[in-house]
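Please read the structure below before turning to the comments.
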Protein chains: 2
Amino acid sequence: MSDDDSLFVKSLAKAFQLLEAFEKSGDGGRLTHKDMKQLTGLDASTVQRMSHTLVKLGYLERGQNRTYVLGKKFLHFTFEYLRHSQTIQRASPILMDLQNETGERVDLSLFEDVEIVYALRRQSKRETFFATLTGRRVPSFAASGGRVVMSHLPRDVVEDIIDRSALVPQSPKTVTSRTEILAEIDRARELGYALCIEQMLIGEIVLASAIFDERNTPIGAVHIAGSLSDWDADSFCRKHAPLAISAARMISNRS
Amino acid sequence: MSDDDSLFVKSLAKAFQLLEAFEKSGDGGRLTHKDMKQLTGLDASTVQRMSHTLVKLGYLERGQNRTYVLGKKFLHFTFEYLRHSQTIQRASPILMDLQNETGERVDLSLFEDVEIVYALRRQSKRETFFATLTGRRVPSFAASGGRVVMSHLPRDVVEDIIDRSALVPQSPKTVTSRTEILAEIDRARELGYALCIEQMLIGEIVLASAIFDERNTPIGAVHIAGSLSDWDADSFCRKHAPLAISAARMISNRS
DNA sequence: TTTTTTATATTGTAATGCGATATAACTTAT
DNA sequence: ATAAGTTATATCGCATTACAATATAAAAAA
């Protein structure tokens, strides 16, 4: 990955490897030197130097009992990313209107290969707190946004993504069979939107329509998420699919 | 800052210096090598190596015309930060209720010395898009959240913060005189909340109450923001101050 | 307490990141 | 169009920096 690449700065890669280890941290997002060493496989001295430097730079903070946590300084980069993204700029007012019109939770997700990341979120009711945060990632194969994006990609690319995905159930009802997932993606292609019933969470119904960049590459999706206690699948789609599709089209920057 | 510190990894500092330069980027958040060199003062080869490495790691993405933009991968860290923060965990449902109860915009900000960062936000109506994003920073001296946090800090610490702040007006009505700012902070201490009228934005009235950690250090604030077309200062405070104070108290983790 | 584990400080050394330079690719001016 | 100028990418020898081993100190565990 980085061998015989004389421009590749290995120490930087190690630092980010260490930072990424905080995603695998169990309770409280706290890691000790020992934890970092175990999670990354880095040398103890490297862990020492990197954590020391990152604290000085403000990207790690020291917690109690010789632990480290991610620094709040990372919020800065997220802000700069979102603020300058043309897609986010266009999506922001559109999602706001969509949320007011539907009363349901609406999200904008960005496609990242085997995962999607939620970038903008308009929540309607109380939910598992972290499930509604910006930056949350979920597997593409199980999320409506992931499926609808894949429905606009070439078959071989899609199969490659599925093959590289860990097909771990996200809810008791998650479809994890390769062929069934591919069939769901085909269905999304026909409909122009993906529908996920209880794929991520029991009781949840989500519908998503894809967003495209100027080269007509699908880059993300608009989601509308409701509750099965309020809707049956048919009426949910009838009401919301046209809205999601039109919102996604407005956000898209197609040539 | 880093001299004769044998544990300090300079190349890492350079990489973050480069990443931080994207905050100063003008249009579109795009930077060329030349821009990075100018903004950071780093050697051209260093810029080349760092940008190259950051692209490989996914923390920079290549834009059109040899430009670079921040990678969406930074959203991951923000998610991990927010998800593991005890303050955020407690605040999330409380802010949701507060927003439903008031119908106004409510925010949770975190204190970062001369600035505050917005961490959680519940928007009510359309606003200047980026003003309502997570990660937005504003000067402590002009924000209600900053002022109310400072009202719980020792006088000399507050004066030091003000002295290190660039007292640049954020709206035509921003108070920028040292003594007036200190007076506003004193007033906040008496009231138990800070009130800012058109300090950041014309037509906006904001009220904030401080949040404390287990050591009784003020670490952030709950904001309620309304419009002067809907409220006069008195009734805004009468209705919202008790709500903000009680929300802040519930979020706090005082001993 | 003692023992063991984990964190921090120190140091000599080699590999890595450095910066100069060369080449290539793009812009701008003529 | 072509040339001149600018900016990006590739290459390379060298010094510095990051490295890993180790010593000391501080917490945990026994």
Side-chain angles (χ1 to χ4, degrees), chain A residues 1-22 24-71, chain B residues 1-22 24-71:
Chain A
M1 178 197 178
S2 62
D3 251 14
D4 81 318
D5 179 347
S6 68
L7 289 173
F8 191 84
V9 180
K10 294 184 189 172
S11 56
L12 228 186
K14 290 179 195 169
F16 275 102
Q17 209 185 329
L18 196 153
L19 289 167
E20 286 167 10
F22 283 83
K24 303 169 221 151
S25 76
D27 154 66
R30 293 179 219 289
L31 292 182
T32 63
H33 277 178
K34 190 203 176 196
D35 299 332
M36 297 182 212
K37 187 178 143 88
Q38 283 177 344
L39 287 166
T40 60
L42 293 171
D43 184 272
S45 291
T46 303
V47 168
Q48 185 186 12
R49 259 177 292 111
M50 294 304 169
S51 57
H52 173 87
T53 307
L54 287 165
V55 167
K56 287 232 162 171
L57 295 173
Y59 293 101
L60 282 183
E61 295 171 12
R62 309 202 61 149
Q64 283 135 348
N65 303 335
R66 277 135 216 274
T67 58
Y68 295 79
V69 293
L70 289 174
Chain B
M1 175 195 180
S2 62
D3 250 14
D4 80 318
D5 179 348
S6 68
L7 290 173
F8 192 84
V9 180
K10 293 186 191 172
S11 56
L12 227 188
K14 289 179 196 167
F16 275 101
Q17 210 185 329
L18 196 153
L19 288 167
E20 286 167 10
F22 284 81
K24 303 169 220 150
S25 76
D27 153 67
R30 293 178 219 290
L31 293 181
T32 63
H33 277 178
K34 191 202 174 198
D35 299 333
M36 298 180 210
K37 188 178 142 87
Q38 284 177 344
L39 287 166
T40 60
L42 293 170
D43 185 271
S45 290
T46 302
V47 168
Q48 185 186 11
R49 258 178 290 112
M50 294 304 170
S51 57
H52 173 86
T53 307
L54 287 165
V55 167
K56 287 229 163 174
L57 295 173
Y59 294 100
L60 283 182
E61 296 172 11
R62 309 203 61 148
Q64 282 135 347
N65 303 335
R66 277 135 215 272
T67 59
Y68 296 79
V69 293
L70 290 174

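Here is the naming used below: chain letters follow the sequence lines, and residue numbers restart at 1 for every chain. Only a predicted model underlies this, so the values are computations on that prediction, with no experimental measurement involved.
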So which of A:H52, A:K56, A:M50 actually passes side-chain contact (heavy atoms from CB on, under 4.5 Å) with B:V9?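 Option passing the side-chain contact (heavy atoms from CB on, under 4.5 Å) with B:V9: A:M50.
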
Let's see if you can work this out: which of [options] has an atom nearest to the side-chain heavy atoms of [X]?
X     : options               : value
B:K10 : D:dA18, C:dA7, D:dA21 : D:dA18
B:T46 : C:dG19, D:dT9, D:dA20 : C:dG19
B:S6  : C:dT6, C:dT10, D:dT11 : C:dT10

How would you label the contact of B:M50 with the nucleic acid (heavy atoms, under 4.0 Å): base, sugar-phosphate, or nothing?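 Since only primed, P, OP1 and OP2 atoms lie under 4.0 Å of B:M50, the category is sugar-phosphate.
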
Counting any heavy atom closer than 4.0 Å, what does B:K37 reach on the DNA or RNA strands: base, sugar-phosphate only, or nothing?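 B:K37: no heavy atom of the nucleic acid under 4.0 Å.
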
For A:H52 and A:L12, take the nucleotide of DNA chain C holding the closest heavy atom to each; which residue's nucleotide lies nearer the 5' end?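 Checking each residue's closest nucleotide, the 5'-ward one belongs to A:H52.
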
Would you mind telling me which residue lines up with the more 5' stretch of DNA chain C, A:R66 or B:N65, judged by nearest nucleotide?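 Between the two, 5'-proximity favours A:R66.
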
Between A:R62 and A:Y68, is any side-chain donor less than 3.5 angstrom from a side-chain acceptor?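 Their side chains do contain a donor-acceptor pair, which is all the 3.5 Å distance test asks for.
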
Residue whose nearest DNA chain D nucleotide is more 5′ - B:V9 or B:A44: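 It is B:A44 whose nearest nucleotide is closer to the 5' end.
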
Between [N] atom [atom2] and [X] atom [atom1], what is the distance in whole Å?
X     : N      : atom1 : atom2 : value
B:L42 : C:dA20 : CG    : P     : 13 Å
B:Q64 : C:dT27 : CD    : C1'   : 17 Å
A:K34 : C:dT8  : NZ    : P     : 15 Å
B:F8  : D:dT16 : CZ    : P     : 19 Å
A:Q38 : C:dT6  : CD    : P     : 8 Å
A:D5  : D:dC12 : CG    : P     : 15 Å
B:D43 : D:dT17 : CG    : P     : 13 Å
A:L7  : C:dG19 : CG    : C1'   : 12 Å

Rounded to the nearest 0.5 Å, what's the gap from [atom1] on [X] to [atom2] on [Y]? Could you check?
X     : Y     : atom1 : atom2 : answer
B:M36 : B:S51 : CE    : OG    : 5.0 Å
A:L70 : A:L60 : CG    : CG    : 6.5 Å
A:T46 : A:K10 : OG1   : NZ    : 12.0 Å

Is a donor-acceptor pair below 3.5 Å formed from side chain B:Q48 to base D:dA10, judging by atom type as modelled?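 A donor-acceptor contact between them is present.
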
Distance test, side-chain N/O of B:S11 to OP1/OP2 of D:dA18, below 4.0 Å: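 So the side-chain polar atoms of B:S11 do come within 4.0 Å of the phosphate oxygens OP1 or OP2 of D:dA18, strictly under.
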
Examine C:dT6: is either OP1 or OP2 under 4.0 Å from a nitrogen or oxygen in the side chain of A:T32? Give yes or no.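 Result: no.
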
